[in-house]
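Here is the structure we will look at.
If you're wondering where the values come from, they're calculated on a predicted model, not measured in any experiment. For the single chain, residues carry numbers from 1 onward in sequence order.
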Amino acid sequence: MLMTLQRASGPIRSVVGCVLRRGIFVDFCTDIGRIENVQFHCHWWSTKAVGGDWKPVHEFMWKNLEAFIFGRTDWEYVNNTFVFPVNIGYRFIATKNGAANGQFAGIGADEAQICVKVDEIQPMGLLISNGQFVCMHGDIRTEVLVEKTCQGSVRLVNCAFWGPAKQCVVSHSRSFVSLSDCFLSSTGRKNNPGQYLVEADGWLRAATPSGTLPATSHSLGSRSLRRTWW
């Protein structure tokens, strides 16, 4: 399934099924786009009607699938979405039309390599709440990854991070990334010595107006935070 939305968009609601390489791709949406109640899963392949073997599809999905991709979209509203398994659950990129901003509530990615990957967004950025993120595959195994190309705000509130991830949140960006009231844990800590649950290596000093990563009121399942100043 590949959906490319342009200009003003109508809502995408109550979609269930299996996607292999790309799920929903939103771009050039200059009015408020809405995506609600979407689930991508490979468990349908385990039914007798298709031979009852989901293993090849499961492996292809966690190695290749990008489930929700956002290019240019203004005030995007995404609620109650889920994918299992996946390479990248939610990816934010810049296209020739621009980048995204919006609110994302009740989103989930399970058995991922990266749950949320932020390459580029608009300055006002992303408001992510009540997210559930689990990494289980690949070498990166980072649940939220903010790249150095990101120049917008990323805020996560009341989100849960668990499973055998190497790290929960990594920011290489000088932009504003904040965590509030989150559960941060990893069952893979003993296999990844020296890795911190939350790490920011693109920070500016606190006296500057940007490049900060506040982290407050969390439940930490193991090793806590690391701050690396530029």
Side-chain angles (χ1 to χ4, degrees), residues 2-13 22-36 38 66-81 83 86-109 112 114-131 133 142-159 168-182 198-204 206 208-216 230:
L2 176 61
M3 298 182 182
T4 303
L5 308 180
Q6 296 187 350
R7 303 294 183 180
S9 71
I12 298 173
R13 291 197 180 108
R22 293 183 180 90
I24 296 175
F25 175 31
V26 180
D27 191 25
F28 208 179
C29 180
T30 55
D31 198 359
I32 298 174
R34 291 174 173 85
I35 301 173
E36 302 173 357
V38 175
E66 297 180 13
F68 301 90
I69 308 167
F70 300 91
R72 167 69 185 279
T73 180
D74 300 338
W75 290 54
E76 185 73 25
Y77 282 24
V78 177
N79 299 287
N80 302 324
T81 58
V83 59
V86 69
N87 176 13
I88 301 174
Y90 301 80
R91 186 171 188 181
F92 299 87
I93 64 174
T95 69
K96 64 180 182 180
N97 302 308
N101 79 80
Q103 68 90 12
F104 300 77
I107 66 174
I114 302 171
C115 297
V116 178
K117 188 174 188 289
V118 184
D119 294 314
E120 294 191 47
I121 52 176
Q122 297 180 31
M124 65 291 289
L126 310 177
L127 308 176
I128 300 173
S129 60
N130 301 335
F133 306 120
T142 298
E143 285 151 338
V144 174
L145 176 60
V146 182
E147 297 287 13
K148 64 176 64 177
T149 48
C150 172
Q151 299 183 31
S153 169
V154 180
R155 298 171 182 263
L156 298 108
V157 178
N158 197 39
C159 295
C168 295
V169 179
V170 174
S171 175
H172 301 305
S173 172
R174 297 187 180 199
S175 65
F176 190 97
V177 180
S178 70
L179 305 170
S180 178
D181 299 300
C182 294
V198 178
E199 184 169 1
D201 61 13
W203 285 25
L204 299 179
T208 64
S210 62
T212 57
L213 196 159
T216 61
W230 272 21

Side-chain donor-acceptor pair present, Asn130, Asn158, cut-off under 3.5 Å: yes

Flag, side chain of Thr95 to backbone of Asn97, donor-acceptor distance under 3.5 Å: yes

Any Asp74 side-chain heavy atom under 4.5 Å of Asp31 side chain: no

Side-chain donor or acceptor of Tyr90 paired with backbone N/O of Gly108 under 3.5 Å: yes

Worked verdict on Phe92 versus Phe104 for ring pair (Phe, Tyr, Trp, His ring centres under 6.0 Å): CA-CA 12 Å; Phe92 299 87; Phe104 300 77; 5.2 Å; yes

Gly152 backbone acceptor or donor facing Ser175 side chain under 3.5 Å: yes

Contact summary for Gly89 and Val83, nearest pair of heavy atoms: CA-CG1, 4.2 Å

Heavy-atom side-chain proximity of Phe68 to Val86 below 4.5 angstrom: no

Minimum heavy-atom distance Glu143-Phe133, with the two atoms named: OE2-O, 3.1 Å

Atom CD of Gln151: over 12 foreign heavy atoms under 6.0 Å: no

Phe28 six-ring centre to Arg72 NZ/CZ under 6.0 Å and within 45° of normal: no

Side-chain (Thr149) to main-chain (Asp119) donor-acceptor, under 3.5 angstrom: yes

Expected output: side-chain Gln122 to main-chain Ala99 donor-acceptor under 3.5 Å: yes

Main-chain N/O of Cys150 paired to Ser173 side chain as donor or acceptor, under 3.5 Å: yes

